[in-house]
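Here the structure is a predicted model, which is why all the values come from computation and not from measurement. Values below: every heavy atom of this structure, side chains too, minus hydrogens, waters and symmetry copies. Every chain is numbered from 1, with letters handed out A, B, ... down the list of sequences.
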There are 2 protein chains.
Amino acid sequence: MEPDTDAPTSFTALQAAIAQRQNSLSPRLRQIAEYALSNPNDMALETVAQIAERAGVQPSALIRFSKTLGFDGFTEMQRVFRTRLTDNMPNYKERIRALTDGGPALSDASRVLEHFIDAGINALEHLRQELTATDLDRALDLLEGAEHIYVMGQRRSFPVAAYLGYALGRLGRRTVLLDGLGGMLRQQVQAITDRDLLVAISFKPYSEDTVEICRMAADNGVPVLGITDGTLSPIMPLAGVTLAVEDAQVKGFRSLTATMCMAVSLIVGLGQRLDKDKAGR
Amino acid sequence: MEPDTDAPTSFTALQAAIAQRQNSLSPRLRQIAEYALSNPNDMALETVAQIAERAGVQPSALIRFSKTLGFDGFTEMQRVFRTRLTDNMPNYKERIRALTDGGPALSDASRVLEHFIDAGINALEHLRQELTATDLDRALDLLEGAEHIYVMGQRRSFPVAAYLGYALGRLGRRTVLLDGLGGMLRQQVQAITDRDLLVAISFKPYSEDTVEICRMAADNGVPVLGITDGTLSPIMPLAGVTLAVEDAQVKGFRSLTATMCMAVSLIVGLGQRLDKDKAGR
DNA sequence: AGGAACTTAGAATAAATGTTCCCACCACTG
DNA sequence: CAGTGGTGGGAACATTTATTCTAAGTTCCT
C-alpha cells in the first residue's frame with residue numbers, strides 16, 4: 001500500500017493545490033473546487049450530503065474530488081479543512097496581543113500590515129463620520145450634470161484618478177484622464193468649458209501641476225470637484241465642492257485605503273442615479 | 001412534550017451555563033464539564049467516542065451531560081460548540097453578502113458610502129486573517145532581490161499597478177509600469193530576464209493580457225508575484241508567490257480598499273528592509 | 001445495616017454518514 | 001459510424017456514529 005505522498009496536510013497547502021490544479025480539473029470537479037475555496041467553513045463542518053446539495057453536486061463527486069487531490073477519502077480531506085478552524089482560532093488573540101505588546105512573534109512585514117489595517121479601519125470610521133450626505137449629493141450632482149469629466153491626480157493621487165477615469169468611462173460618461181502624457185496637459189485643459197467638470201485629486205504635499213490646473217479651471221468658470229485632505233488644502237478654495245478624506249497614515253506613509261473607498265462609493269452612487277434617471281424617463 | 005427552553009444557543013451562554021451548574025453536577029458530569037471548557041475545539045470537531053476516550057469517560061456520559069444542559073442530544077450541543085469556530089472565523093463573503101442583500105436598496109449616496117465602509121472594514125479584517133506572514137515575507141524577498149521590477153495591472157487593477165510603480169520607483173527600485181501604451185506591451189515583456197520580477201495584479205474577471213503576460217514570464221523562468229483574489233485565479237498557478245486579497249464587494253462592484261491597503265503595506269515593508277540593509281552595511 | 005435515589009458502565013440498537021460500484025452519457029478518434 | 005477513454009449520476013453498501021437501555025454500583029439517610 002503506497003502512502004498519499006501528495007496529499008496536502010495544511011490548509012494553505014490544500015488551497016494552493018486546488019488553485020494549481022484548477023485547469024486540469026473536469027467541470028464538475030472545478031465547480032466543487034470553487035465552492036470549497038469560497039466556503040471553507042461548510043467544507044469543514046457540514047456533511048457530504050449537505051455540501052453536495054449546497055454546491056449543486058452529487059455526494060460521490062465530493063469523494064472523487066478528494067481522491068483527485070491525493071486524499072484517501074472525503075473524511076481525510078475534511079480534516080485539513082478543520083485544521084484551519086482550530087489553527088486560526090488562537091492565532092487571532094495571539095496576533096492582537098503580539099501587536100499591542102510589540103512581541104517578536106510577528107515578522108516586521110506582517111506588523112506593518114497589521115498597522116495599516118488598523119489605521120485603515122480607523123480612517124474608514126473617520127470617513128463615515130466626517131463626510132456629510134450633502135457633500136456627497138452635491139458631488140454627484142456635478143458628476144451627473146457635466147458634459148465631459150476631466151480627472152486629474154498626480155503622483156500618489158494618480159491611482160485614484162486612474163480609477164475614477166476608468167470607472168466613469170464604464171458608466172458611459174465622457175471622461176478624460178489628464179495624465180500629462182507628452183506634455184499635453186495645458187492643451188488638454190484649454191478645451192474644458194464651463195459645462196464640463198474637473199475632478200482634482202491632491203493630497204499634501206500638493207502637486208503644483210494639479211493646483212495650477214485647478215486655478216486655470218476656476219478662472220475660466222469651470223466647476224471643480226476637489227478630493228483632498230481637509231487641512232488647509234489649496235484645492236479647497238478653488239473647488240465648488242470638496243470631499244475631504246483623511247486617509248490612514250503610518251510612519252509618515254499615507255495609505256489610499258479610505259480615498260479608494262470613497263471613490264468607489266462615488267462611482268456606485270452615480271451609477272444608481274443614472275439607472276434611476278433612465279428608468280424614470 | 002415541552003421544548004428545551006433553557007438550551008443555550010450561543011457559545012458564551014453555554015459556557016456560562018456549564019460554569020454555573022458545575023457544583024450541582026455529579027462527579028462524572030463535572031469531569032466532562034471541565035474537559036468541555038478547556039477543550040472546546042475537541043468538543044466541536046471530534047466524535048463522541050473520541051471525546052469520551054480523551055476525557056476518560058463513557059460515551060453515554062456525554063449524552064447525559066448534553067441532556068442535563070437542556071439539549072436534545074449530543075449533536076445539538078455540539079452545534080453550539082461549532083458556532084464558536086464559525087463566529088470567530090467567519091466567512092467574509094457571507095458577511096459581506098448579508099450586508100448587501102439584507103439592506104434595502106441603498107437609496108441615497110450616503111448609504112452607498114456606508115455600505116462600502118462596512119464592507120471595506122470587513123475586507124480589511126479578512127485580509128488580517130488570511131494573509132500569512134510567510135507569504136508577505138516571500139513577496140518582499142522577491143521585491144528586494146529583483147534587478148528590475150515590472151508591474152502589470154489592467155482595467156480596475158491598473159490603479160494598484162500605478163501606485164506600486166510609483167512607490168517602488170520612489171524607493172529607488174528600477175521599476176517599469178507595463179501600461180501597454182502604444183501597443184508596446186509584448187516588446188517590453190521580451191526584455192524581462194530571470195533576475196527581474198513581474199508583479200501581476202488581476203481580479204475576476206481576469207484580464208486576458210495580464211494572464212498571458214504571466215504565462216510568458218513563467219515560461220521564461222521569470223519570477224512572478226501575483227496579487228489576485230483567492231478563488232481559482234488563473235494567476236495563482238503561474239506565480240511563484242501569490243498574495244490573495246478578497247476585496248469588498250457591494251452590488252457586484254468591487255472596491256480596491258483592501259488591495260490598496262496591502263499594496264501600501266508592501267511598500268512600507270520593503271522600505272524598512274532597505275533601510276535596515278543600508279544601516280547594516 | 002438496609003433500603004431508596006441517584007449515578008454509571010457497557011453492550012445493544014438504530015440512525016446517519018461516507019464510500020463503492022455500475023451504468024449512462026459525452027466527446028473525441030480511428 | 002463504432003469504438004474508446006474519461007466523466008457524472010444515483011442507488012446499494014458497509015461503516016461509523018449517536019443514542020438507548022438495563023443491570024450494576026455508589027451514596028446517603030434512617
Side-chain angles (χ1 to χ4, degrees), chain A residues 1-4 7-8 14 18 21-36 39-83 85, chain B residues 1 3-4 7-8 14 18 21-36 39-83 85 232:
Chain A
M1 167 174 45
E2 69 227 81
D4 300 309
L14 175 59
I18 294 176
R21 302 196 196 185
Q22 62 174 284
N23 292 324
S24 57
L25 289 176
S26 72
R28 199 43 51 95
L29 293 192
R30 193 176 312 175
Q31 182 180 347
I32 295 176
E34 206 161 323
Y35 185 87
N39 302 72
N41 282 350
D42 285 0
M43 296 297 288
L45 296 178
E46 299 298 321
T47 69
V48 171
Q50 287 282 332
I51 298 169
E53 190 187 338
R54 296 189 194 183
V57 188
Q58 284 292 327
S60 50
L62 281 168
I63 282 98
R64 275 201 297 268
F65 180 73
S66 308
K67 298 203 165 175
T68 306
L69 288 167
F71 294 102
D72 230 35
F74 175 80
T75 311
E76 200 182 319
M77 184 182 73
Q78 194 175 42
R79 190 174 303 133
V80 177
F81 275 97
R82 291 185 171 183
T83 62
L85 292 179
Chain B
M1 170 169 41
D4 303 308
L14 176 59
I18 294 176
R21 302 195 197 183
Q22 207 161 11
N23 294 324
S24 59
L25 288 175
S26 72
R28 199 43 49 96
L29 293 193
R30 191 177 313 175
Q31 184 180 345
I32 294 176
E34 212 163 311
Y35 184 87
N39 302 72
N41 283 351
D42 285 1
M43 296 296 289
L45 295 179
E46 299 299 320
T47 71
V48 171
Q50 286 284 332
I51 299 171
E53 189 186 338
R54 296 188 193 183
V57 189
Q58 283 291 328
S60 52
L62 281 167
I63 282 97
R64 277 187 288 124
F65 179 74
S66 306
K67 297 202 166 175
T68 307
L69 287 167
F71 294 102
D72 229 35
F74 175 79
T75 310
E76 200 181 318
M77 184 182 73
Q78 195 176 42
R79 190 174 304 134
V80 177
F81 275 96
R82 291 186 171 183
T83 62
L85 292 180
L232 294 188

Proximal nucleotide (of C/dT19, D/dG8, C/dT20) relative to the A/V48 side chain
C/dT19
Roughly how many Å is it from CG in A/L45 to P in C/dT17, rounded to a whole number?
14 Å
Rounded to whole Å, CD1 of B/I51 lies from P of D/dT16 at a distance of 18 Å
Any donor-acceptor N/O pair under 3.5 Å between C/dG10 base and B/S60 side chain:
yes
Look only at the side chain of A/Q31 and the backbone of A/A55, and say whether a donor-acceptor pair between them is shorter than 3.5 Å.
yes
What does B/A61 touch in the nucleic acid at a heavy-atom separation under 4.0 angstrom: a base, only the sugar-phosphate, or nothing?
nothing
Side chain of B/R28, heavy atoms from C-beta onward: which of D/dA18, C/dT8, D/dG8 has the nearest atom to it?
C/dT8
Selected nucleotide, minimal atom distance to A/Q58 side chain, candidates C/dG10, D/dG10, D/dA18:
D/dG10
Closest approach of B/K67 to B/D72 (non-hydrogen atoms, all atoms of both residues)
CE-O, 3.2 Å
Testing D/dG9, D/dT20, C/dT8 for proximity to the side chain of A/R64, the answer is D/dG9
Side chain B/R30, main chain B/R21, donor-acceptor under 3.5 Å:
no
Nearest whole Å is fine: how far is D/dG9 C1' from A/E53 CD?
16 Å
Going by the rule salt bridge (Lys or Arg N to Asp or Glu O under 4.0 Å), which residues pair with A/R54 if we only count those two or more places apart in sequence or in a different chain?
A/D42, A/E46
Whole-Å distance between C/dA15 C1' and B/D72 CG?
14 Å
Expressed as a whole number of angstroms, how long is the span from B/L29:CG to C/dC6:C1'?
11 Å
Write down the distance between CD (B/Q78) and C1' (D/dT17), rounded to a whole number of angstrom.
11 Å
Checking contacts here: which listed nucleotide (D/dG8, C/dT19, D/dT19) is nearest the side-chain heavy atoms of B/T75?
D/dT19
Checking D/dA18, C/dT19, C/dT8 against the side chain of A/F74 (C-beta onward), the nearest is C/dT19
Could you tell me the separation between the CD1 atom of B/I63 and the P atom of C/dT7, rounded to a whole number of Å?
17 Å
Separation of atom CZ in B/R30 from atom C1' in C/dT8, rounded to whole Å
16 Å
If you take all heavy atoms of B/F81 and B/P40, which pair is closest and at what distance?
CD2-O, 3.8 Å
